[in-house]
There are 2 protein chains.
Amino acid sequence: MVDARQQEMRSGPPQSKTAYVVDRLREEIAAGIIVPGGALRQTQIAMRYGVSPTPVREALRILEAAGTISYAPNRGATVREMDPVDGDDLYSLRAEIEGFACRLGVERQDGTLATRLEELADRLEAEDPATGPAQRYQLNRDLHFLIFDAGSQVVSQQVASLWEAFTPAVTVWGVPQIAERLNADHRQIIKAVRKGDAELAGARMREHVLNARMLRRKYIG
Amino acid sequence: MVDARQQEMRSGPPQSKTAYVVDRLREEIAAGIIVPGGALRQTQIAMRYGVSPTPVREALRILEAAGTISYAPNRGATVREMDPVDGDDLYSLRAEIEGFACRLGVERQDGTLATRLEELADRLEAEDPATGPAQRYQLNRDLHFLIFDAGSQVVSQQVASLWEAFTPAVTVWGVPQIAERLNADHRQIIKAVRKGDAELAGARMREHVLNARMLRRKYIG
DNA sequence: CAACGCTATATTGTGTGCAATGTGCGGCGG
DNA sequence: CCGCCGCACATTGCACACAATATAGCGTTG
């Protein structure tokens, strides 16, 4: 047993090795340690994480179903690479879906939502830029799903599945100009949430995602 | 080896047993042979389909990621049951997504789309009601994805993943009044496709799905 | 009599071995 | 010298055996 694994699994309830491998692979893909197009050899991954190939295979199936990796029968898995057009399309789709999910969330919110969002936005803006994009990405994600979860679990899950197909998007939070703009968007959305104006919040969320699409094109290419 | 399996696998290129099990489970869930809430015992399924538990486990992971079944650690999988509110929410989400996907498809279509759609609509309306809803459901699905695939592969895949979470919806095609109305909707959408009016087609697709939601509530819910 | 704990059983979770499949290199023939 | 065939290796796919975990039923005890 490798130390790293026990470290990781110490916190929280004991999870299955399959779940553990899924998490680790997601992390490493998001962090760019495993590059798009790179082959994922199951025996190699198994040794790397100190587990047998069986849970690795299950993890790969899960990631494939989520769209994070692509799978060729008898030839193994590779990290999915996305051409720019597809990336734009996925952002457009996100804009539509998250606009809707946000509307639903604001319609059905209890009174505490806006306050909890502000707290998250504070922490997000306070993040030290030196810590890398991963932290900010995670906080951003939490912020979005705080709204969606207030609406409908099933809808929120579907949005989550869309984000899975999209892990490389972490990188946008590495560009200060982008982060600044997206944070400003968040504040506008939260204002609408506080007013309880679901239509407005939804529309702003939609614009927010379209902004992210535009900014990514502009600064990252 | 059970005959049934060889029968099934004879057509087309040899697929993995995991894929085979996924297909079979989907079928049986869609057909109502495996009822929502029903437990899915992996050893039982393995024997039933003449494979070992290993590919069954992988299939269950895939279906779980797709949202078709839900999974409790150490306690096994059950066919996901959807309460009416969640069903409505999912239809609403589908309306937004498919409206967008349809817009995209019509914008990017080549000249043959409308004709191919009409052909499918003809076959769908010609279906003998006695053959049960599964055939019509499948044709309906083909019709929808013919449009979506004309737009963006990645978007279409995301729509597909949403349909997966939704297999029990087959039943709507068992009610003649519903089928009739949905067929009429299709014709209206196809008219807009033929005109190349992406906005209109998208709006009609959106309405079409909202109609399905309403009809399901009225005749089934 | 009720509630608790324990044990027996069923089911899932993981590791390991081997078969099936695909890939790349080296030799053979043109 | 170039192309093709076939063999050896690497990798995936599947089956099976065993370990870990949850559940149900029974007996015991307050």
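Letters go in sequence order (proteins before strands), and every chain restarts at 1. All figures in this text were calculated on a predicted structure; none of them were measured in a lab. Just the heavy atoms: all of them, side chains too, but no hydrogens, waters or symmetry mates, feed the values below.
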Polar atom pairs (N or O), protein with nucleotides 19-21 of chain C, under 3.5 Å:
unit_1: C:dT21; atom_1: O3'; unit_2: A:N74; atom_2: ND2; d: 3.3

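- Scored by the side chain to side chain contact (heavy atoms under 4.5 Å, CB included) test, B:D122 finds B:R187 as partners (sequence neighbours excluded).
- Applying the side-chain hydrogen bond (donor to acceptor under 3.5 Å, both in side chains) test to pairs two or more places apart or on separate chains, those with a residue in residues 150-160 of chain B are A:R80-B:Q157, A:D89-B:S152, B:D149-B:S156.
- Across the protein-nucleic acid pair, A:Q44 atom CD and D:dA10 atom C1' stand 13 Å apart, rounded to whole Å.
- Contact annotation: A:T18 side-chain N/O to C:dG13 OP1/OP2 distance is not under 4.0 Å.
- For A:T43, the side-chain hydrogen bond (donor to acceptor under 3.5 Å, both in side chains) criterion is met by no residue, not counting sequence neighbours.
- Look at OH on A:Y20: it is 19 Å from P on C:dG13, rounded to the nearest Å.
- A salt bridge (charged side-chain N to carboxylate O under 4.0 Å, His left out) check over residues 61-76 of chain B, counting only residues at least two apart or in different chains, returns the pairs A:E58-B:R61.
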Strictly under 3.5 Å: I want the nitrogen or oxygen pairs between protein and nucleotides 23-25 of chain D, one per line.
unit_1: D:dT23; atom_1: OP1; unit_2: B:R75; atom_2: NE; d: 2.5

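- Atom CD of B:Q42 and atom C1' of C:dA10 are 12 Å apart (whole Å).
- Among residue pairs with one or both ends in residues 95-107 of chain B, those qualifying as salt bridge (charged side-chain N to carboxylate O under 4.0 Å, His left out) are A:E96-B:R103, A:R103-B:E96, B:R94-B:E98, B:E96-B:R206, B:R103-B:E199; sequence neighbours excluded.
- Between the C1' atom of C:dT16 and the NZ atom of A:K17 lies a distance of 14 Å, rounded to the nearest Å.
- When the P atom of D:dT11 is taken as reference, atom CD1 of A:I45 falls 12 Å away, rounded to whole Å.
- Annotation: side chain to side chain contact (heavy atoms under 4.5 Å, CB included) contacts of B:E127 (sequence neighbours excluded): B:T131, B:Q135, B:R136, B:L139.
- Applying the salt bridge (charged side-chain N to carboxylate O under 4.0 Å, His left out) test to every pair with at least one member in residues 109-119 of chain A, sequence neighbours left out, gives these pairs: A:D110-A:R116, A:E118-A:R194.
- The OH atom of A:Y49 sits 16 Å away from the P atom of C:dT14 (whole-angstrom rounding).
- Contacts between residues 52-72 of chain B and DNA chain C, defined by a heavy-atom separation below 4.0 Å, involve B:R57, B:Y71, listed by number.
- Legend: residues meeting side chain to side chain contact (heavy atoms under 4.5 Å, CB included) with A:N183, ordered by chain and number and at least two apart, are A:L124, A:E125, A:W173, A:H186.
- Looking at residues two or more places apart in sequence or on another chain, you find a side-chain hydrogen bond (donor to acceptor under 3.5 Å, both in side chains) between A:D142 and A:Q138.
- Atom-to-atom, CE of A:M47 to P of C:dT14 comes out at 19 Å; the value is rounded to the nearest Å.
- B:L25 and B:L60 make their closest contact through CD1-CD2, 4.1 Å (heavy atoms, listed as atom of the first residue, atom of the second, distance).
- Side-chain contact between A:T54 and B:R57: absent, with no pair of heavy atoms (C-beta onward) separated by less than 4.5 Å.
- Judged by closest nucleotide on DNA chain C, B:L40 is the one of A:P73 and B:L40 placed further toward the 5' end.
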